[in-house]
Amino acid sequence: MNRKRIIDLRSDTVTRPTADMIEAMSRAELGDDFFRDDPTVLAFEEEAADLLGMEAAMLVISGTMGNLVCALSLSPRGSSFIVEANAHIQINESGWPAAIAGLTAKPVHGVAGKIGVDALKQAIAETQMRLSAPPSLLCLENTHNAAGGRVTDPSHLAELADVAHARGIKVHLDGARIFNAAVALGRPVRDFMRNVDTTTFCLSKGLSCALGAVVAGSADAVQAARRWRQVIGGGMRQAGVIAAAGRVALKSMVERLAVDHENARLLATRLRDAGLEVDVEAVETNMMFLKVPNGFDQHLFQSELRASGIVITPPKSGRIRLVTHREVSTSDIVFCSGIIGRAFDLAQRQKVCADADTTTAEVVY
Ligand SMILES: Cc1ncc(COP(=O)(O)O)c(C=O)c1O
């Protein structure tokens, strides 16, 4: 069957495993991870911990599971956690902090996904009042997804972590896309881990694995997370099939993220040059936002794009997030930008016509 080529800009999670990964998965030496007998898992966890400069690491199924088991390990029920108001944990993880971990969120609005030092101090002071749930955890996110893949530099992360630690609060870094941050700043990933108690990163996003994420921290923290992983049904057996692809990802998929970043910037620049509202300077990694006007005909926009094989998510809060990844090439970007520009124009003109119709209707009736 001659399948039409699809250019999928919804997320970097759509990336499929590479031929090398599938080969590694099929050849992986396996054992039962419950007994810590799977050599591929053991090797992968050691390599991941080394790369992050952490004492220990553990494979989990997803980023959400990683964040959850870290929070369960660091924070007692009935306490509160401080989190950027639009962080993934706060808005996109189906409410596990309340539903499972017994935590109350103290959301703090950041700028470009970054919590300010004074805002953090104030949030801590507010949660330390007698009628509040006492703060036990600060959750940071890098890159920040809802802010459009924005990067927080290691020194700001370390400063926030210092403020938290000085007040007896632990720090978890949701680093689902931490390798994008590291590549964007040209810094080793371990630089982002200074002062962090636990972290999670994802294998299944820009790194192209089919599934998997990693939790890392001190040996004690990872041991506690391992117990919580078992509690929530996340224990695995021959998990080397996942870890084998993870090993390939850590060796060969990190540096190439720079191409995704260049492509996101190219797409943003071309759309801006075509007259669309895009903040090119805000594109730091593999995501960009396209602003849409009120009443914009998004159904027409999406169906026009789909007819050319381009898939996007619908607008949220007046903007559409477009994400680049390994399965979108630079020539795809050049092709896409022309189509997106024309479809946007059409969807906008449709709105103008609809507005004109409404005005007439109001005059008549
Ligand atoms: C910043 C961030 N953290 C965590 C996650 C959760 O990862 P998963 O989908 O593997 O549960 C995502 C997923 O998009 C994310 O963007």
Side-chain angles (χ1 to χ4, degrees), residues 8-17 48 52 57-72 81 83-97 99-101 105 107 110 112-115 137-152 157 171-184 189 192 196 198-216 225 228-229 232-234 236 239 242-243 245-246 249 253 257 260-261 264 284-289 312-313 316 321-326:
D8 195 335
L9 299 171
R10 288 174 300 172
S11 177
D12 46 9
T13 56
V14 301
T15 46
R16 290 161 293 188
L52 297 174
M58 173 180 73
L59 180 67
V60 288
I61 287 294
S62 67
T64 302
M65 181 185 278
N67 288 333
L68 169 59
V69 295
C70 289
L72 287 168
F81 73 107
V83 63
E84 203 285 320
N86 291 306
H88 200 272
I89 288 176
Q90 173 68 356
I91 60 173
N92 279 330
E93 296 193 2
S94 310
W96 63 250
I100 302 179
K114 300 175 211 15
I115 297 177
L137 183 64
L138 167 65
C139 287
L140 301 168
E141 181 176 316
N142 202 12
T143 64
H144 194 293
N145 183 346
R150 302 298 292 267
V151 179
T152 303
L157 284 179
V171 180
H172 172 68
L173 173 63
D174 175 358
R177 296 183 180 81
I178 195 65
F179 290 102
N180 292 86
V183 166
V189 74
F192 295 80
V196 161
T198 55
T199 192
T200 304
F201 75 80
C202 288
L203 295 168
S204 61
K205 301 192 163 66
L207 300 186
S208 286
C209 293
L211 75 167
V214 170
V215 156
W228 280 114
R229 186 187 70 171
I232 61 168
M236 292 180 278
I242 305 170
M253 305 306 277
L257 294 172
D260 301 343
H261 300 175
E284 295 176 339
T285 57
N286 65 330
M287 298 179 184
M288 56 151 290
F289 285 124
I312 59 165
T313 47
K316 209 171 157 189
R321 189 190 72 160
L322 303 174
V323 185
T324 56
H325 50 78
R326 185 180 60 79

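Atoms within each ligand, like the ligands themselves, are counted from 1 in listed order.
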Donor-acceptor contacts, no H, no angles, side chain residues 61-69, under 3.5 Å, sequence neighbours left out:
| residue | atom | partner | partner atom | Å |
| --- | --- | --- | --- | --- |
| S62 | OG | M65 | N | 3.1 |
| N67 | OD1 | H172 | NE2 | 2.8 |
| N67 | OD1 | T200 | OG1 | 3.2 |
| N67 | ND2 | E93 | OE1 | 3.4 |
| N67 | ND2 | E93 | OE2 | 3.1 |
| N67 | ND2 | D174 | OD2 | 3.2 |

Query raised in the report: With a 3.5 Å cut-off and no angle check, do the side chains of R326 and T15 form a donor-acceptor pair?
Result: no
Write 'none' if nothing qualifies; otherwise put on separate lines each N/O atom of ligand 1 with a protein N/O atom under 3.5 Å away and their distance to 0.1 Å.
| residue | atom | partner | partner atom | Å |
| --- | --- | --- | --- | --- |
| ligand 1 | 3 (N) | D174 | OD1 | 3.1 |
| ligand 1 | 3 (N) | D174 | OD2 | 2.7 |
| ligand 1 | 7 (O) | K205 | NZ | 2.9 |
| ligand 1 | 10 (O) | G63 | N | 2.8 |
| ligand 1 | 10 (O) | K205 | NZ | 3.4 |
| ligand 1 | 11 (O) | G63 | N | 3.4 |
| ligand 1 | 11 (O) | T64 | N | 2.9 |
| ligand 1 | 11 (O) | T64 | OG1 | 2.6 |
| ligand 1 | 14 (O) | H88 | NE2 | 3.4 |
| ligand 1 | 16 (O) | N145 | ND2 | 2.8 |
| ligand 1 | 16 (O) | R177 | NH1 | 2.8 |

Report task. Start with the C-alpha distance between T199 and F192, add both sets of side-chain angles, then the distance that settles side chain to side chain contact (heavy atoms under 4.5 Å, CB included), and finish with yes or no. Result -> CA-CA 10 Å; T199 192; F192 295 80; over 6 Å; no
Query raised in the report: So, the side chain of E141 versus the backbone of A87: is there a donor-acceptor pair under 3.5 Å, distance only?
Result: no
Requested in this report: Evaluate the ring planes of W96 and F81, with Trp represented by its six-membered ring, and classify them as parallel (under 30°), tilted (30 to 60°) or perpendicular (over 60°).
Outcome: parallel
Requested in this report: Could you tell me whether the side chains of H261 and N180 share a donor-acceptor contact shorter than 3.5 Å?
Outcome: yes
